[in-house]
There are 2 protein chains.
Amino acid sequence: MYFCTVKPKKIIPRSDCPISTALDIVGDKWSLLIIRDMMFKGKNTYGDFLNSEEKIATNILADRLSLLESAGVISKHKHPESKAKVLYKLTDKGIDLLPVLVELIEWSEKYHIVHPTAKTFVKQLKKDKKEIISKLYEELKAT
Amino acid sequence: MYFCTVKPKKIIPRSDCPISTALDIVGDKWSLLIIRDMMFKGKNTYGDFLNSEEKIATNILADRLSLLESAGVISKHKHPESKAKVLYKLTDKGIDLLPVLVELIEWSEKYHIVHPTAKTFVKQLKKDKKEIISKLYEELKAT
DNA sequence: AAAATCACTTGCATTTTACAAGTAGTTGAT
DNA sequence: ATCAACTACTTGTAAAATGCAAGTGATTTT
């Protein structure tokens, strides 16, 4: 299905401030984790997201997926291996959140106790961020 | 007052994922707007934040300020002009959220209808982002 | 001395979230 | 062909967060 499957839930922008309109979409505890799963962990089904270590509740997951689809950040597709599954993909708009996530990672790594994997990733970033981001970007576009 | 004025509200990290721990602090609709006000609009008092165009509720504002202080993102100081006022400042940790906000602005400008000011800001960013960010960074550190 | 301003707090209704259980379609094994 | 397991959800309900209006006590202005 290459069309939106939900009657778009109206997100009413609180203002025309770009930060505010961004937060109207991804300003919560879960949406960016779903996007993280798709970007960095190759997850792309409902069950994948459910099983993430932060343990999102199933009704919240359904709600966020529908919101993100309405906002044009993700899209639903038929799964190549099973009719029972739905394949979720990042749209271009979703992929363009990559730099936001990268900056969040850098910030957190600087100030919090995080997984070692994050530390090595940030170390690589310090060397040539532009190259790493554009490489990740191409990979995401490709799939 | 150069000390924390709140008994730190325990934020329990959901995981050691850096994105997750970041969202534990700023993953909501309001926190980053308060930080935006301090970063880009020179706001630094309770009343300033209350009067922002998105109209945060006063109890929510109080709660977020206390959470952000607990998380070490902002700090409270005596106001130079009045004992009735409290001066809120970004800490280094707070200032380091600048790149996150900048990426959110760029993303939103690309995909949403935003204020003209944002459009010109993004145009400047396209020319030399690094320079602009480090200049803003220095200004924030200075005050 | 009174009125206005400041940074909040309190009470309450509404909304959102979390948790548990259930459903309908699909798949894999017998 | 049948049944259990898996898939993507939905539903019900309790708990928590949010939004709104009004109030409080300290300070500042008039």
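So that the names make sense, note that chain A is the first sequence line, chain B the second, and so on, each numbered from 1.
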Rounded off to whole Å, could you give me the NE2-to-P distance for the B:His79 and C:dC8 pair?
12 Å
Expressed as a whole number of angstroms, how long is the span from A:Asp48:CG to D:dA8:P?
8 Å
Where protein sits on nucleotides 24-30 of chain C, one letter per nucleotide: B base, S sugar-phosphate only, - none, heavy atoms under 4.0 Å:
--SS---
Just the rounded figure in Å: distance from P of C:dT16 to CD1 of B:Ile60.
13 Å
Are B:Ile19 and A:Ile105 side-chain neighbours, meaning at least one heavy-atom pair lies under 4.5 Å?
yes
Integer-rounded Å distance: D:dT24 P and B:Asn59 CG:
17 Å
Given 3.5 Å as the limit, does a donor-acceptor pair link the side chain of A:Asp128 with the main chain of A:Lys130, or not?
no
Quick one: is B:Lys76 getting a side-chain N or O under 4.0 Å of the C:dC8 phosphate, OP1 or OP2?
yes
Among the candidates D:dC9, C:dA18, D:dG19, find the nucleotide nearest to the side-chain atoms of B:Ala57.
D:dG19
May I ask you to verify if any side-chain N or O of B:Lys78 is less than 4.0 angstrom from the OP1 or OP2 atom of C:dC6?
no
Report yes or no: do B:Ile60 and B:Ile34 belong to one cluster of Ile/Leu/Val/Met/Phe/Trp/Tyr joined by side chain heavy-atom distances under 4.5 Å?
yes
Indicate whether any N or O donor in one side chain lies under 3.5 Å from an N or O acceptor in the other, for B:Glu69 and B:Ser75.
no
Whole-Å distance between C:dT17 P and A:Asp28 CG?
7 Å
Per the atom types in the model, does the base of D:dA17 pair as donor or acceptor with the side chain of B:Asp63 at under 3.5 Å?
no
side-chain N/O B:Trp30 vs D:dA17 OP1/OP2, d < 4.0 Å
no
Ion pair check, A:Lys9 and A:Asp63, cut-off under 4.0 Å:
yes
Checking D:dG12, C:dC8, D:dC20 against the side chain of B:Val86 (C-beta onward), the nearest is C:dC8
B:His77 NE2 to C:dC6 C1', straight-line distance once rounded to whole Å:
18 Å
Of the listed D:dG12, C:dT9, D:dA8, the closest approach to the A:Tyr46 side chain comes from D:dA8
Are the charged groups of A:Lys110 and B:Asp96 less than 4.0 angstrom apart, N to O?
yes
Side-chain atoms of B:Ala62 come closest, of D:dC9, C:dC8, D:dG19, to C:dC8
Of all the nucleotides listed (C:dT17, C:dT9, D:dT18), which has the minimum atom distance to the side chain of A:Arg64?
C:dT17
B:Thr45, nearest nucleotide to its side chain (from D:dT10, D:dG19, C:dA7)
C:dA7
Between NZ of B:Lys29 and P of C:dT16 the distance, given in whole Å, is 10 Å
Are the side chains of A:His112 and B:Ile25 in contact, using a 4.5 Å heavy-atom criterion?
yes
Rounded to the nearest angstrom, tell me the gap between atom CG in A:Leu50 and atom P in C:dA21.
16 Å
Report the residue (B:Gly47 or A:Lys55) whose heavy-atom-nearest nucleotide on DNA chain C is the more 5′ of the two.
B:Gly47
Remember a base hit wins even if backbone is also touched, and classify A:Tyr88 as base, sugar-phosphate or nothing at under 4.0 Å, heavy atoms.
sugar-phosphate
In terms of side-chain heavy atoms, does B:Tyr111 have a donor or acceptor partner in A:Thr21 at a distance below 3.5 Å?
no
